[in-house]
Amino acid sequence: MKILETRKITKSFGALTAVNGVSLAIEAGSLHSIIGPNGAGKTTLFNLLTGTFPPTSGSIIFDQKEITGTPANRIAHLGLARSYQRTTVFPAFSLFDNAWVAAFATGKSWNGLMWKPSGGFPEASERARQALHDVGLEGKSTQLAREISHGEQRQLELAIALAAAPRVLLLDEPAAGLSPDETRKMVALVRALKGRYTIVLIEHKMDIIMSVSDRISVMHFGSLIAEGTPGEIQKNPEVRRAYLGGVAA
Amino acid sequence: MKRPFILIMVAIFLLPLAVRPAIASEIWIFAIFGLGLNLLLGYTGLLSFGQSTFFGSAAYVAGWLMKIHGVNAFLALGIGVGVGAASAAVVGYLCVQRSGLYFIMLTFALNQLFYFTAYQWTSVTGGEDGMPGVPRPALLGIDFKDPLIYYAFVSLLFLFCLWLMKRIVESPLGKILQAIRENEVRAEAVGYNVPRFKLLAFVIGGAFSGLAGVLYAMLFGIVPLEAISFVFSGNVVFATLIGGSGSLYGPVIGSFVFIWLSESMSTVWARWPLLLGMAFVIVVLFLRGGVVEAWHKLSLKFFLRK
Ligand SMILES: Nc1ncnc2c1ncn2[C@@H]1O[C@H](COP(=O)(O)OP(=O)(O)OP(=O)(O)O)[C@@H](O)[C@H]1O
Ligand SMILES: [Mg+2]
């Protein structure tokens with residue numbers, strides 16, 4: 001079953017077409033990667049999927065329902081959560097509060113929003129704790145986000161997305177800026193999440209992509225130029241050209 | 001948790017011994033005003049430079065109703081809260097879509113609009129002369145004309161407001177507003193309608209300002225034009241920053257410092273605002289957390305070191 005689909009979506013910024021007629025279908029339960037050179041439009045595609053801005057044309061379907069133009073805060077409630085390529089957390093908050101804010105947002109009830117102590121929402125607290133546990137930060141939950149290392153902030157980035165208990169996780173280069181050692185940990189983490197969530201993963205590091213993906217879509221200058229299993233993509237001549245073009249020429 | 005409360009109780013009891021009851025009352029009234037602002041400034045990260053819009057509107061409307069229609073104090077205060085919240089809803093609605101400097105300028109510009117309306121509408125507001133003759137009607141048989149009784153009443157309302165604000169900032173709403181301050185993009189992405197939450201902060205802040213405005217009018221028996229001017233808007237920002245916008249008690253301490261200083265200094269030295277200006281510069285340059293932060297640093301240095 002397709003859980004997330006785009007039909008010919010396009011996004012233009014003035015004269016620049018960052019995403020150009022992309023049609024994509026994500027199978028529920030799969031790990032679907034999106035690769036492509038810098039500036040290919042991958043992050044812009046995520047921004048479209050999560051309602052940061054509406055597409056110039058085309059449509060987005062989530063769980064058989066058209067969600068094109070739905071604003072970001074509503075998308076979260078539908079069950080789509082994302083992480084950011086550039087760390088986007090709540091710096092002065094404890095790690096627990098970072099996750100808690102996301103957990104509360106998509107929690108069952110906002111009863112007592114204005115008068116109940118924020119500790120009095122066991123469901124949200126439990127989800128926040130679980131999310132920190134899942135990314136391996138449970139031991140640091142009282143530390144402030146701005147005080148932890150870059151690697152840990154990347155884990156927190158993921159925990160905030162997990163705390164929303166989403167159905168589809170959109171991960172934008174979770175290993176950006178990580179050391180080889182931290183990268184290995186992050187890959188193990190993504191692998192552990194595979195199967196529990198439908199995952200759409202943007203990543204540059206080919207070895208990671210080839211080892212974890214069920215399917216891969218390749219973007220180049222805003223367009224989709226190939227799609228297939230890791231094996232198929234590896235053999236695809238067009239993909240090789242897109243990636244190696246600059247070097248081989 | 002308990003200590004600030006005890007300190008405030010002590011201050012409430014000692015203050016009338018140190019200053020005139022009117023000034024003592026003004027301190028807690030101004031603190032209520034500051035609590036409302038700080039939900040925007042300290043918690044949501046929105047510098048509203050137009051809080052006197054809500055303070056003044058409520059003072060005029062409730063003051064006029066008491067003066068002309070003999071409305072009782074209880075109803076007048078309720079109406080003040082309503083007018084404060086409603087005017088904040090209008091202003092907030094227009095402002096929450098902007099950010100940064102545009103936001104600040106817009107709160108200021110709308111404040112000016114209200115100010116000039118009050119300035120021109122002399123038949124009701126008295127224009128530059130202010131609206132005199134605001135009574136201090138008795139409530140449940142208690143005569144508020146006695147300054148100390150009125151002071152007790154103001155103190156009780158202040159304690160209630162402080163308790164209410166504490167509940168609010170410790171609730172999920174408080175967390176969400178702080179999340180917006182910390183990272184608006186992420187707050188939106190995790191599922192909060194950011195403009196709507198900002199509007200809510202405005203309305204709550206406006207309600208507090210409205211209450212303060214009516215108490216102020218009843219205290220002095222007049223609504224001066226200043227009460228709806230940028231002077232009051234600036235003063236409350238000023239006082240809150242000096243006290244420390246990062247904590248619940250910051251605006252309370254700020255109001256204490258500000259009102260006391262301006263009262264005691266203005267009779268001694270005409271250029272006392274210079275002193276305040278200096279205090280402000282020091283806070284901005286060295287002490288972003290205001291008096292509250294200074295206190296924390298000092299207590300860490302001298303009392304807690306083992
Ligand atoms: N908000 C925006 N306004 C204008 N141009 C934008 C905006 N967002 C992205 N772009 C442009 O769109 C193009 C695609 O950018 P995008 O960030 O989607 O690429 P990417 O595939 O994620 O690249 P990278 O691998 O470097 O992260 C780039 O040329 C970028 O400059
Ligand atoms: Mg990108």
Side-chain angles (χ1 to χ4, degrees), chain A residues 46-47 49-52 71-84 86-94 96-107 109-121 124-125 128 144-146 156-157 160-166 170, chain B residues 1 35-36 39 41-45 85 96-97 160-208 244-248 288-289 293 296:
Chain A
F46 268 21
N47 286 337
L49 291 172
T50 54
T52 308
N73 70 78
R74 297 263 307 284
I75 294 278
H77 294 274
L78 297 175
L80 260 165
R82 73 177 291 184
S83 72
Y84 289 79
R86 282 190 47 200
T87 304
T88 301
V89 299
F90 307 108
F93 278 19
S94 69
F96 179 81
D97 283 349
N98 266 271
W100 187 89
V101 164
F104 179 82
T106 48
S109 155
W110 281 10
N111 272 335
L113 174 74
M114 284 173 63
W115 51 270
K116 233 166 115 176
S118 51
F121 295 83
S125 300
L144 300 188
R146 61 162 178 252
L156 178 62
E157 183 65 44
I160 296 173
L162 290 176
L170 306 174
Chain B
M1 281 295 96
L35 285 173
L39 190 66
L41 179 61
Y43 287 91
T44 320
V96 295
Q97 304 289 349
F160 174 71
C161 286
L162 185 64
W163 172 80
L164 197 66
M165 190 51 85
K166 190 165 183 292
R167 288 294 297 230
I168 291 172
V169 300
E170 286 173 1
S171 74
L173 178 63
K175 273 272 148 55
I176 294 163
L177 295 179
Q178 292 175 74
I180 290 171
R181 177 195 71 200
E182 287 298 302
N183 194 332
E184 212 170 307
V185 169
R186 193 70 188 241
E188 184 84 32
V190 300
Y192 299 112
N193 188 331
V194 168
R196 205 168 290 174
F197 276 98
K198 285 181 175 175
L199 184 59
L200 186 55
F202 255 102
V203 171
I204 296 171
F208 277 69
S245 63
S247 109
L248 176 64
R288 299 310 285 264
E293 188 193 306
H296 276 298

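Per chain, numbering begins at 1; letters A, B, ... match sequence-line order.
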When the 4.5 angstrom heavy-atom criterion is applied to A:A102 and chain B, the contacting part is both
Fill in: Contact check, side chains of B:I204 and A:M114, non-hydrogen atoms, under 4.5 Å
yes
- Message: With heavy-atom distances below 4.5 Å as the criterion, would you say the side chains of A:P91 and B:E182 are in contact?
- Response: yes
Honestly, the part of A:T88 sitting under 4.5 Å from a heavy atom of chain B is both
Correct closest heavy-atom pair for B:P172 and A:P117 would be CD-C, 4.4 Å
Side chains of B:V190 and A:I160 in contact at under 4.5 Å (non-hydrogen atoms) = yes
Whatever's closer than 4.5 Å to a heavy atom in chain A on B:I168 counts as both
A:Y84 side chain to B:R186 backbone, donor-acceptor under 3.5 Å:
no
Closest heavy-atom pair, A:N73 versus B:Y192, reported as atoms and distance to 0.1 Å, is CB-O, 3.3 Å
Hey, does B:F197 have a side-chain heavy atom less than 4.5 Å from the side chain of A:L113? yes
Chain B shares the most heavy-atom pairs under 4.5 Å, among A:T52, A:D97, A:N98, with A:D97
The interface call for A:R74 against chain B, heavy-atom contacts under 4.5 Å, is neither
When the 4.5 angstrom heavy-atom criterion is applied to A:A164 and chain B, the contacting part is neither
Would you check if A:W100 and B:K175 make a side-chain contact, meaning some heavy-atom pair closer than 4.5 Å?
yes
CD (B:E188) and CD1 (A:I75) are apart, to the nearest 0.5 Å, by 11.0 Å
So, the side chain of B:N183 versus the backbone of A:F90: is there a donor-acceptor pair under 3.5 Å, distance only?
no
Here the gap from A:F121 atom CZ to B:S171 atom OG, rounded to the nearest 0.5 Å, amounts to 7.5 Å
